[in-house]
Student: 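I'd like to ask you about the structure that follows.
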Amino acid sequence: MKNIIQPVKGTRDFYPEQMAIRAWLYSILRQVSESFGYQEWDGPFIETMELYAAKSGEELVKEQSFVFQDRGGDFITLRPELTPSLARMIAARQNELAFPVRWWSFGPFWRYERPQKGRTREFFQWNADMLGVNSPEADAELIAVAAAFLKAVGLTPGMALILVNNRRLMEAEFDALGILPEKRLEVSGLVDRSNKMEVDKWEAYALESGLSRTQLAGLKTLLENKELWRKSDELVRLFAALKALGVEDYVRFDPNIMRGLLYYTGTVFEAFDLTGGVRRAILGGGRYDNLLAEVGGEPLSGVGFAMGDVVLGIVLRERGLIPSFPPSPALTLVTVFDESLWLDSYALAADLRRAGIAVTCYPEPAKLPRQFKFADRMGMRVALVIGPDEATDGQVTVKDLRSGTQEIIQRAAVAPAVQRILASE
RNA sequence: GUGGCUGUAGCUCAAUCGGCAGAGCACUUGACUGUGGAUCAAGAUGUUGCGGGUUCAAGCCCCGUCAGUCACCCCA
């Protein structure tokens, strides 16, 4: 223990147990994404620093990304997000792609931040985007994808909701309150924080940032107005589309949702666990209009969202929604009785594999209790024994590990017998 | 980047005022020389994160450092 080299800060080891969960999540993402016709894609895990600097400003990249110089002296960044790669790859094939583009991806990302609950330095993220359509109905589709996912992992509308707002609506309201355009960003940040801070602290903070008392009062009224969405044609259409898509139970209007990102221009949304211990967003996204222009492409509108695996994992664990998987993918063990019968066991295992059964053969003659214990710990269902008695008669002992019953049968009948046990509940 | 808390056996954690480093689970062996889970018995296990300091004596106090964790910040 003492001299084992430490893992890199903020990384997670995926032992088979955790890897099974990751694979399970991946399979659900695939199923949900593909049910809406999204194509899987991926970009490189490393990109030039310029790609991110173009969009987010160099400070952010240098301080919160992993950046290193390659041997040629170029600055390389471990990707902290996927959207710039998406913009770059779309822009490079802008004239040949069949729009609207619907793409999804699941892969690793890195951010050089201080780890805490729900935040690691290496994490996996699911991204889904649609480009080439600018409509509230397209926004609704992405929200429906997100809702379909929540449903697929067992999160009901009582557990998690997608909160929706619209930036254009909020900006119009800010204007109506006499908040100057150059103040919008700061006020957006303020709005974003309104749920996280205590009320009086928040108000003091608001006044400090230059809002008048009337403006503050107006802002508070605004943020409590659950019907505000009716003033936005885009949101009215969005909610109508969500209803048609059958996911309205998962979605609520919430004027507090702004999202920090500069590039969102219209609809924005975030999914939250309603009652759990984590306050962080499970997923978040929105409409962006100018992304491609920033990497040198023609202007193209898009909408998309991203979901990290870390917060989701915490939520699912708290809710008991992560299924358990047997440790071994092979649920059948062929034991090795002794040295003289070793290869008989190997041959039996090979036979069963030819019959399409996943089989582990114990790799050496060991005491049977040890071999059975191994089968038990690996969550196996069937154990097979060829001892001297069985060998003489061309037979095999087949034991159902769950019921504890066993029978001695002819070797040719072993495969069907094993399959029967595996098929039983 | 700022602040709080925590580092003791593989894991979860005890250890009184600074006075012999322990328990449960897991592990190994046996009860049971052809059968796992259950039970019983026995056994093994430590650079108390690391480095320094104070002290007759440090897991405990002090300084530093590393790691974990929580909050702030940020959240692409």
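FYI, side chains are in, hydrogens and waters are out, and symmetry mates aren't considered; it's all heavy atoms of this structure.
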Student: So if I take every side-chain heavy atom of A:Thr397 and compare against B:rU69, B:rG34, B:rC75, which nucleotide ends up nearest?
Tutor: B:rG34
Student: Please name all residues satisfying side chain to side chain donor-acceptor pair (under 3.5 Å) with A:Gln406, sequence neighbours left out, ordered by chain then number.
Tutor: none
Student: Charged N to carboxylate O below 4.0 Å: is that the case for A:Glu171 and A:Arg168?
Tutor: no
Student: Would the base of B:rG34 count as contacting A:Glu390 through its side chain, where contact means a donor and an acceptor less than 3.5 Å apart?
Tutor: yes
Student: Using the P atom as the point on both nucleotides, what is the distance between B:rC17 and B:rC62, in whole Å?
Tutor: 16 Å
Student: To the side chain of A:Gln406, which of B:rG68, B:rG36, B:rU35 is closest?
Tutor: B:rU35
Student: Quick check on B:rG36: is either OP1 or OP2 less than 4.0 Å from any side-chain nitrogen or oxygen of A:Arg402?
Tutor: no
Student: Using only modelled atom types and a 3.5 angstrom limit, is any donor from either the side chain of A:Arg114 or the base of B:rG3 paired with an acceptor on the other?
Tutor: yes
Student: Would you say the side chain of A:Asp376 and the base of B:rG36 hold a donor-acceptor pair, judged only by whether the two atoms sit under 3.5 Å apart?
Tutor: yes
Student: At under 4.0 Å, does any side-chain N or O of A:Arg370 touch on OP1 or OP2 of B:rU29?
Tutor: yes
Student: Of all the choices, B:rU35, B:rC70, B:rC74, which nucleotide is nearest to the side chain of A:Phe372 once you look at every atom?
Tutor: B:rU35
Student: Can you tell me if the side-chain N/O atoms of A:Gln116 get under 4.0 Å from OP1 or OP2 in B:rA71?
Tutor: yes
Student: Please state whether the phosphate of B:rC27, meaning OP1 or OP2, lies under 4.0 angstrom from any side-chain nitrogen or oxygen of A:Arg377.
Tutor: yes
Student: Select from A:Thr11 and A:Ser403 the residue whose nearest nucleotide in RNA chain B is closer to the 5' end of that strand.
Tutor: A:Ser403
Student: Which residues satisfy the side chain to side chain donor-acceptor pair (under 3.5 Å) test with A:Asp351, sequence neighbours excluded?
Tutor: A:Arg354, A:Arg411
Student: Salt bridge or not for A:Asp42 and A:Arg79, using N-O below 4.0 Å?
Tutor: yes
Student: What I want to check is whether an N or O donor and acceptor connect the side chain of A:Arg119 with the base of B:rC74 at under 3.5 Å.
Tutor: yes
Student: Could you write out RNA chain B as a dot-bracket string, with dots for unpaired bases, | for bases paired across to another strand, and Watson-Crick or G-U pairs counted at under 3.5 Å?
Tutor: (((((((..((((.....[..)))).(((((.......))))).....(((((..]....))))))))))))....
Student: Any N or O donor-acceptor pair linking the side chain of A:Lys367 to the base of B:rG34 at under 3.5 Å?
Tutor: no
